[in-house]
Amino acid sequence: LVWDCWPIYFEKTCRWFVNHDVKTAIFTSSQTAERMRERFPQMNILTITEGIDTSKYQEGKLLKEREIDILEFGRNNNLFKKGLPANIKHICSNGKQKMFSTDQEFHAALENSKITICFPRCDTNPEIAGDVETLTQRYWEAMLSKIIIIGRTPKELIDLIGYNPIIKLDKNNEVENVRNIIINANNFQYLVDKNRNVALKVADWSLRIPIIMDFLKMCGYNC
């Protein structure tokens, strides 16, 4: 089962498959899976969208009651280079892998944040991701925590849930764009409520395990 097989690692992964005579592989990236099918036409290959343990994420406060205006975690989005107004509370990882000491602290921050920024890695790190766009856990974490997501939606997520859960960011006027959303955060309560309800229905790994088991049985494995 392979996560995040970006183009920069593609040839290395292919060599590993050959060295270990891999017969069956599962990818969370549909684009990577398709390229692997071209490279290994005899291999059993399945695509499943990345999942999450939904039980770890709570809905948190209403947007109007949240104290953190913007929470940026994970990759650095390189936005707001000109800075944000002093009255906007902004917590940013600045590319650090570890922002919080514990998962509990992280979840508490999610539940108390109005906005987060999410872009596919092909937008933020094209030197690694190339043109591969995929659904990653950050989208589920934000949806389950009822945060307004600003950025760009991977096609895999839209295909899975049937709508766009993300507010597109105006990169020509990002500070004013975000400021207006913060001021009018209450207007987005309906969207974050919908996002959480949908994520609870489709995001959990428990829904993907039967798909994996059926695939393995079809390939002749004794599961």
Side-chain angles (χ1 to χ4, degrees), residues 1-59 73-75 97 103 106-107 110 118-123 125 128-147 149 152-166 194-223:
L1 175 55
V2 183
W3 279 263
D4 297 355
C5 179
W6 305 113
I8 194 174
Y9 307 121
F10 186 83
E11 292 300 330
K12 182 178 181 180
T13 304
C14 289
R15 289 194 299 271
W16 191 90
F17 282 169
V18 171
N19 290 340
H20 293 277
D21 194 23
V22 174
K23 299 291 193 299
T24 301
I26 302 167
F27 295 89
T28 58
S29 165
S30 57
Q31 286 177 278
T32 301
E34 190 56 39
R35 292 174 189 183
M36 285 294 179
R37 289 187 184 99
E38 293 173 1
R39 181 66 67 90
F40 300 101
Q42 301 306 314
M43 187 183 290
N44 303 311
I45 294 178
L46 172 70
T47 303
I48 54 165
T49 52
E50 186 163 334
I52 196 170
D53 181 354
T54 58
S55 67
K56 293 183 177 181
Y57 298 86
Q58 305 305 313
E59 62 182 87
F73 59 96
R75 297 189 303 275
Q97 291 296 314
D103 285 347
F106 173 50
H107 294 156
L110 288 172
C118 286
F119 285 95
R121 192 166 194 171
C122 57
D123 290 5
N125 300 100
I128 293 174
D131 63 343
V132 172
E133 173 192 289
T134 190
L135 167 61
T136 54
Q137 182 170 301
R138 289 196 306 160
Y139 292 93
W140 293 136
E141 289 173 328
M143 290 175 70
L144 289 165
S145 304
K146 289 192 175 183
I147 301 176
I149 311 171
R152 191 170 74 82
T153 315
K155 184 176 182 294
E156 289 175 349
L157 179 54
I158 295 176
D159 289 346
L160 180 63
I161 66 177
Y163 72 98
N164 188 348
I166 294 176
K194 178 181 179 179
N195 287 349
R196 176 174 168 83
N197 290 336
V198 168
L200 286 171
K201 291 177 182 177
V202 303
D204 202 273
W205 272 114
S206 64
L207 301 172
R208 286 148 179 75
I209 298 304
I211 297 172
I212 294 173
M213 297 294 283
D214 288 344
F215 170 71
L216 293 176
K217 289 175 183 176
M218 184 182 69
C219 294
Y221 294 93
N222 184 15
C223 301

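This one's a predicted model, so the numbers in the text were calculated from it and none came from an experiment.
- Taken to the nearest 0.5 Å, the CZ atom of F27 stands 12.0 Å off from the CZ atom of R35.
- The shortest distance between side-chain heavy atoms of E59 and L200 does not fall below 4.5 Å.
- For the pair L157 and M143, the minimum side-chain heavy-atom distance is below 4.5 Å.
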* **Residue pair F119, N125: steps toward the side-chain contact (heavy atoms from CB on, under 4.5 Å) verdict** => CA-CA 10 Å; F119 285 95; N125 300 100; over 6 Å; no
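- Looking at heavy atoms from C-beta onward, W3 lies out of side-chain contact with T32 at the 4.5 angstrom threshold.
- Taking both residues in full, the closest heavy atoms of I128 and R121 are given as CD1-NH2, 3.4 Å, listed atom of the first, atom of the second, then distance.
- Within the 4.5 Å cutoff, no side-chain heavy atoms of W6 are placed close to those of T13.
- Of all heavy-atom pairs between Q31 and D131, the closest is NE2-O, 3.3 Å.
- Heavy-atom minimum distance, T47 versus A33: OG1-CB, 3.1 Å.
- Side-chain contact check for Q58 versus H107: every heavy-atom pair is 4.5 Å or farther apart.
- Between F40 and C14, the closest side-chain pair of non-hydrogen atoms falls below 4.5 Å.
- Applying the side chain to side chain donor-acceptor pair (under 3.5 Å) test to every pair with at least one member in residues 152-161, sequence neighbours left out, gives these pairs: S30-E156, D123-R152, E133-R152, T134-E156, T153-N164, K155-D159.
- Between E50 and R138 there is no salt bridge, since no side-chain nitrogen of the basic residue lies less than 4.0 Å from a carboxylate oxygen of the acidic one.
- Scanning both residues, L135 and L160, for their nearest heavy atoms gives CD2-CD2, 4.5 Å.
- Side-chain contact check for F10 versus V132: every heavy-atom pair is 4.5 Å or farther apart.
- With R208 as the fixed residue, the side chain to side chain contact (heavy atoms under 4.5 Å, CB included) test singles out one of I26, T49, L1, T28: T49.
- Closest approach of R196 and L144 over heavy atoms only: NH1-O, 2.6 Å.
- At least one side-chain heavy atom of M36 sits under 4.5 Å from a side-chain heavy atom of F17.
- A donor-acceptor pair is defined here as one N or O able to donate and one able to accept, closer than 3.5 Å; such a pair exists between the side chain of N19 and the backbone of R15.
- Using a 3.5 Å distance cut-off with no hydrogens or angles, the side chains of Y139 and N195 do not pair a donor with an acceptor.
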Output side-chain donor-acceptor pairs under 3.5 Å for residues 210-223, partner residues at least two apart or in another chain, one line each.
unit_1: Y221; atom_1: OH; unit_2: T24; atom_2: OG1; d: 2.6

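- In this structure, S55 and D53 approach most closely via the heavy-atom pair OG-OD1, 2.6 Å.
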